[in-house]
S.K.: 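Questions regarding the structure given below will be posed in turn.
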Amino acid sequence: MSAVAESGQSAGGQPPITRVSEAIIRIAGNSQDGIQAIGGFLARLAGRSEQEVMTFMTIPSTISGGPSIFQVRIGSGEVQSAGDEADMLLAFYQHSYDNHLSSLKLGGIVLYDSDHVTEFKPENLDKYRHVAVPISSKTVEAIGGSGRDKGKNVFALGLLARIYDLDLDKLKRLVAERFAGKDPKIAETAIMAFDAGYSFQLQDLLKSYQLEHSQKKIGRPQVVMNGNEAIAYGLVAAGVRFGAGYPITPWSDIMEILRRELPKYGGSFQQCEDEIASISMAIGASWGGRVAVTGSSGPGISLKTEALGWACMAEMPLVVVDIQRGGPSTGMPTNIEQSDLNIACFGGHGDSPRVVIAPATVEDCFYSAIEAVNIARKFSTPVILLSDQGIATRIEAFPEPDLKAICQDITPDFSPVADHKPYDLAAADGITRHLAPGTRVGSGKYPVVTGLEHDELGHPTGSPKLHLQMTAKRRNKLKKLGQELPKPVVYGPAEGQVLLVSWGSAQGPVREAVDKFRSLGDAVSAVHVKYINPLPEGLAEIFKGFRHIFVVELTDEGLYGYGQFAAVLRARYCDPKIKGITKVDGLTWKVKEIVDRVRAGIAAANQASQA
Amino acid sequence: MSVLDIPFGVLPRTTDTAGLPVPAPLADSDRKPLTKKEISADHPTWCPGCGDFSVLALYFKLIEKRKMHHEKVTTVAGIGCSSRFPYFVQAHGAHFIHGRALPFATGVALSRPDLHVCVFGGDGDAFSIGGNHFTHTARKNVKLTYVVMDNNVYGLTKNQTSPTSPLGFKSKTDVWGAKDRPINPIKQAICAGATFVARTSHTNPNHVLQMMEAAMDHDGFSFIQCLSECVEFYPGAFDNSNPRKGGKFDLVPADHDVTDEYAAYKLAEDLAPGKFGVIYKASRPTKNANEQAIINDHQSKVAGLAPWQILQKNFDRMK
Ligand SMILES: Cc1ncc(C[n+]2csc(CCOP(=O)(O)OP(=O)(O)O)c2C)c(N)n1
Ligand code: SF4
Ligand SMILES: [Mg+2]
């Protein structure tokens with residue numbers, strides 16, 4: 001926590017208050033303890049206080065729970081990642097203490113449940129400030145029940161509220177809102193637990209911290225949600241009214257939200273027997289006239305590829321959401337990875353061009369979902385929205401979208417037409433347009449949609465000429481899209497020593513790494529690529545301004561030493577400067593890791609050029 | 001320009017129509033029933049004598065008889081000889097991938113309650129690669145008609161064993177005769193929860209039409225197993241049900257209670273040649289009706305609100 005000012009002893013014997021610009025708090029315990037709930041409260045409080053916030057959590061993949069963490073970073077400046085090192089660790093168990101103490105910065109505070117954490121290494125006592133609170137027994141004292149019951153988390157929230165001098169009214173309102181609608185006793189008990197935590201005398205802690213007021217004036221209030229919620233609501237805003245899916249972590253929340261929400265809009269979301277059925281059903285609904293959505297993670301995306309190929313061939317608008325997780329196969333279901341890039345761009349047999357967009361932040365998830373729908377419609381193509389477990393589960397605050405202006409009505413048009421050729425080779429814009437069934441065609445000639453190579457009406461053909469022409473048609477429309485896409489913008493000066501390339505959720509830590517380098521006087525910039533396939537124009541010019549280019553991504557380095565996106569960029573730009581910085585430890589990038597890897601990368605490159 | 005600025009709403013739908021008149025929306029009563037010529041498209045690519053021809057001819061008859069209009073005829077198929085069906089019908093059609101015609105058709109049926117979707121396919125498409133979808137579409141009782149043109153063999157891929165090939169059938173993948181017990185499509189359908197299960201054969205045109213009409217009228221998932229001879233790879237497969245070849249085309253007995261699940265199951269015990277007609281029929285809410293009820297219930301709670309206002313309520317809770 002970067003201390004900015006320290007005030008003297010305040011009146012009434014209160015501990016002195018230190019004003020800080022940001023706080024990184026890691027809460028470690030077991031998932032059933034409601035750790036996510038504390039993090040969620042803190043994140044929403046930050047949102048209401050117009051502060052920036054980002055969270056990071058790990059969830060055990062086992063149902064019965066297990067070690068879990070939630071890290072919240074709240075700041076009055078820009079927050080791009082969940083933070084490398086925590087200022088404060090709240091440890092519920094011995095294992096939480098043992099496993100996460102090292103995530104604390106030197107001199108940081110560890111607040112531990114002294115009912116469970118009893119063993120300490122002497123050297124650690126010097127390195128970190130230890131504050132003992134019998135959280136379990138004090139919670140029981142306050143609200144009754146047994147130590148295993150819920151309530152510890154809200155007690156702990158009270159403690160944090162005291163230490164960070166958080167806005168008590170706002171927090172209590174959040175707690176009350178959270179339990180609203182349930183048995184009023186539950187809300188009362190929660191407030192009791194909170195008060196007990198808040199009034200607990202923290203003997204060992206001399207200081208209390210106060211977060212500075214946010215500098216940013218946003219105008220619009222902030223909304224706080226995770227990336228999966230943002231995608232689901234973005235799809236609703238875009239006008240999607242039909243979807244189909246099969247449960248898989250971490251995609252499931254999106255289908256659960258859509259299942260619950262779409263009926264309000266006259267739509268529906270279907271849980272299918274498998275991922276093949278779900279993409280097929282979504283494609284059927286798209287043909288019905290309104291672009292539909294399906295989605296999955298890793299293994300389910302593999303299952304969808306044959307039908308996806310049909311959508312490329314038949315040129316059917318469709319949105320496919322892929323929430324990447326560690327792979328291959330069942331892999332690491334609750335960990336982050338970006339290794340579905342290849343399957344998203346190239347998965348399937350034959351030449352099957354499709355669009356791939358990767359959102360960078362939670363806010364970006366919302367808007368990218370709308371973009372995906374609009375591109376799918378305008379270019380009559382499947383669009384893959386390539387998110388990941390990290391953005392899916394982390395909570396961020398962002399300015400509330402102007403829903404009135406943004407929400408789209410994409411009701412299909414069934415009015416009669418004179419004649420129609422969906423795959424019209426002479427179409428002025430070169431783009432296929434489908435007629436939904438139910439549309440009357442004056443000429444009496446009706447189109448067929450198909451996965452066979454076809455003529456302009458969709459009837460099968462074995463003509464080499466038509467296969468060439470139709471293949472070109474499917475390819476050229478995406479080239480056209482590439483020309484229309486916004487050009488990427490360099491973060492930092494347009495010329496320098498090193499350019500870091502990010503895609504997807506790596507944007508935040510990469511930018512922080514750039515800030516770090518710049519603060520040390522190193523000429524490092526970054527460029528973020530959101531549109532993965534087709535690539536936008538302008539990257540070649542950007543690459544020219546730098547001596548080294550590192551693509552920072554969460555994929556393996558592969559057989560030839562480059563990550564998946566780096567390989568795409570090397571193939572596209574034939575630029576030997578392009579190197580990869582990759583890892584697959586299942587965790588998001590730490591800024592320090594990137595900085596160290598860049599230094600090592602430059603050293604290696606220099607050595608190679610001298611040899 | 002951001003991609004968000006891409007205009008939404010109505011996109012251009014047709015290209016140059018060279019001055020052709022746009023048909024005025026006519027009242028249904030003003031429109032003449034379609035003739036066979038108007039409803040036929042490509043000439044079928046089937047082998048001469050293939051049973052599938054008669055199924056197609058009877059589908060045309062059904063459209064004619066039911067006075068269906070071009071744009072309302074929606075034909076969906078997977079992959080196989082039989083699945084080429086949509087190309088031969090002059091109407092909106094979709095030729096999807098092998099085995100997945102049912103989920104595709106479900107997407108159409110659920111999002112477009114104004115259309116009655118007819119799905120055609122083969123025995124491999126339905127019971128092998130598409131077996132799981134058959135089960136689930138049946139149990140969900142999706143309102144659509146599924147005609148399986150069962151030739152007991154893989155036609156398109158040229159003579160491999162199919163899941164309905166009888167024991168001992170010699171194919172290129174079982175040169176010594178099929179050893180795996182064939183599935184019984186009728187029992188399978190009943191057990192899966194299909195609410196309309198019928199059997200017919202391409203050799204009896206009137207009966208095929210009768211079954212198609214009854215299937216169309218059924219409110220729910222209607223399944224017809226239509227024996228359709230592959231003259232190329234399994235000639236004579238259904239002679240035992242063809243009176244002209246010395247077989248017997250036995251109708252379902254008049255006293256059979258079609259709503260009795262066990263009686264239906266019993267009746268389906270022997271399908272060589274077995275009985276023809278409606279074997280099982282049940283009345284259960286359709287998937288379509290269930291979903292509509294959920295929609296009505298949810299919409300009544302947000303009556304009068306524009307979509308953005310409904311979404312705003314969610315966002316207000318996330319502040
Ligand atoms: C995924 C996939 N696997 C295999 C095939 C090859 N294939 C096409 S049709 C077919 C079987 C056709 O048999 P059936 O469904 O009984 O139809 P029929 O030709 O007999 O009418 C097969 C195996 C394919 N098109 N797609
Ligand atoms: S191969 Fe058999 S099923 Fe296919 S068209 Fe020929 S006769 Fe009909
Ligand atoms: Mg067959």
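Below, read A as the first sequence line, B as the second, and so on, with proteins coming before strands; counting in each chain starts at 1. Everything numeric in this text was worked out from a predicted model, so none of it was measured.
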S.K.: NE2 of H459(A) to OH of Y87(B): how many Å apart, nearest 0.5 Å?
M.R.: 8.5 Å

S.K.: Does any non-hydrogen side-chain atom of M318(B) lie less than 4.5 Å from one of Y233(A)?
M.R.: yes

S.K.: So which heavy atom on P307(B) is nearest to which on Y265(A), and how close?
M.R.: O-CE2, 3.4 Å

S.K.: Set out, in order, the CA-CA distance, both residues' side-chain angles and the distance that settles side-chain contact (heavy atoms from CB on, under 4.5 Å) for R84(B) and L452(A), then state yes or no.
M.R.: CA-CA 11 Å; R84(B) 292 185 77 99; L452(A) 279 168; 3.8 Å; yes

S.K.: If you count heavy-atom pairs under 4.5 Å with chain B, which of L262(A), L174(A), D274(A) comes out on top?
M.R.: D274(A)

S.K.: Which heavy atom of R44(A) sits nearest a heavy atom of R317(B), and at what distance?
M.R.: NH2-O, 2.6 Å

S.K.: Given heavy-atom pairs under 4.5 angstrom as the criterion, report whether the side chain, backbone, both or neither of Q90(B) touches chain A.
M.R.: both

S.K.: Sort D297(B) into side chain, backbone, both or neither according to what part of it lies under 4.5 angstrom from a heavy atom of chain A.
M.R.: neither

S.K.: Does any backbone or side-chain atom of R112(B) lie under 4.5 Å from a heavy atom of chain A? Answer side chain, backbone, both or neither.
M.R.: side chain

S.K.: For T106(B), is it the side chain, the backbone, both or neither that has a heavy atom under 4.5 Å from a heavy atom of chain A?
M.R.: both

S.K.: Only pairs of heavy atoms separated by less than 4.5 Å count here; which of Q299(B), K287(B), K301(B) has the most with chain A?
M.R.: Q299(B)

S.K.: So, taking the atom named CD1 in I257(A) and the one named CG in N314(B), what distance separates them when rounded to the nearest 0.5 Å?
M.R.: 9.0 Å

S.K.: Check whether A41(B) gets within reach of chain A through its side chain, its backbone, both or neither, counting any heavy atom under 4.5 Å.
M.R.: side chain

S.K.: For Q270(A) and K140(B), test the side chains for any donor-to-acceptor distance below 3.5 angstrom and give the result as yes or no.
M.R.: no

S.K.: Applying side-chain contact (heavy atoms from CB on, under 4.5 Å) to H70(B) and V441(A), what does each step give before you reach the verdict?
M.R.: CA-CA 8 Å; H70(B) 260 146; V441(A) 183; over 6 Å; no

S.K.: Stepwise, does the side-chain contact (heavy atoms from CB on, under 4.5 Å) test hold for E400(A) with D316(B)?
M.R.: CA-CA 9 Å; E400(A) 177 182 37; D316(B) 287 344; 4.0 Å; yes

S.K.: Where on A277(A) is there a heavy atom nearer than 4.5 Å to chain B: the side chain, the backbone, both, or neither?
M.R.: both

S.K.: Contact part of A244(A) toward chain B, heavy-atom cut-off under 4.5 Å: side chain, backbone, both or neither?
M.R.: neither

S.K.: Between H133(B) and E273(A), which heavy-atom pair has the shortest distance, and what is it?
M.R.: ND1-OE2, 2.9 Å

S.K.: Among the options E177(A), M225(A), M281(A), R48(A), pick out the one with the most heavy-atom pairs lying under 4.5 Å from chain B.
M.R.: M281(A)

S.K.: Heavy atoms only: give me the nearest P401(A)-F315(B) pair and the separation to one decimal.
M.R.: CD-CE2, 3.6 Å

S.K.: Could you report the tightest heavy-atom contact between S111(B) and F242(A), atom names first, then the distance?
M.R.: CB-CD1, 4.3 Å

S.K.: Do F104(B) and I283(A) have side-chain heavy atoms sitting under 4.5 Å apart?
M.R.: yes

S.K.: In terms of heavy-atom proximity below 4.5 Å to chain A, should L115(B) be classed as side chain, backbone, both, or neither?
M.R.: side chain

S.K.: Does the W308(B) side chain pair with the main chain of D402(A), one donor and one acceptor, at a distance under 3.5 Å?
M.R.: no

S.K.: Does K480(A) NZ have over 12 foreign heavy atoms under 6.0 Å away?
M.R.: yes

S.K.: For the CZ atom on F134(B), are there more than 12 heavy atoms of other groups (residues, nucleotides or ligands in this structure) within a distance under 6.0 Å?
M.R.: yes

S.K.: Looking only at heavy atoms and a cut-off of under 4.5 Å, which of P460(A), P437(A), A285(A) has the most pairs with chain B?
M.R.: P437(A)

S.K.: Quick check on K487(A) against chain B: is it the side chain, the backbone, both or neither that has a heavy atom closer than 4.5 Å?
M.R.: neither

S.K.: Can you check whether R440(A) reaches R31(B) side chain to side chain, under 4.5 Å on heavy atoms?
M.R.: yes

S.K.: Side chains of K319(B) and V223(A), heavy atoms from C-beta outward: is any pair under 4.5 Å?
M.R.: yes

S.K.: Between CG of L311(B) and NZ of K264(A), what distance do you get to the nearest 0.5 Å?
M.R.: 9.0 Å

S.K.: Just verifying a value: how many Å separate I294(B) CD1 and F269(A) CZ, rounded to the nearest 0.5 Å?
M.R.: 13.5 Å

S.K.: Could you check if a side-chain atom of H92(B) sits within less than 4.5 angstrom of a side-chain atom of L435(A), using non-hydrogen atoms only?
M.R.: yes

S.K.: Please rank G451(A), S268(A), G438(A) by heavy-atom pairs under 4.5 Å with chain B and give me the top one.
M.R.: G438(A)

S.K.: Against chain A, label N132(B) side chain, backbone, both or neither, depending on which of its atoms sit under 4.5 Å from a heavy atom there.
M.R.: both

S.K.: What is the minimum heavy-atom distance between T439(A) and E71(B), and which atoms define it?
M.R.: O-CB, 3.3 Å

S.K.: Is it the backbone or the side chain of V76(B) that comes under 4.5 Å from a heavy atom of chain A, or both, or neither?
M.R.: side chain

S.K.: Just wondering, more than 12 heavy atoms not from K61(B) lying within 6.0 Å of its NZ?
M.R.: no

S.K.: Of the backbone (N, CA, C, O) and the side chain (C-beta and beyond), which part of R290(A) lies under 4.5 Å from a heavy atom of chain B, both, or neither?
M.R.: neither

S.K.: Are the aromatic rings of W287(A) and F96(B) close, with centres under 6.0 Å apart?
M.R.: no

S.K.: With a 4.5 angstrom heavy-atom cut-off, is it the side chain or the backbone of V108(B) that approaches chain A, or both, or neither?
M.R.: both

S.K.: Between R178(A) and chain B, which part of the residue has a heavy atom less than 4.5 Å away: side chain, backbone, both or neither?
M.R.: neither

S.K.: Contact part of A94(B) toward chain A, heavy-atom cut-off under 4.5 Å: side chain, backbone, both or neither?
M.R.: both

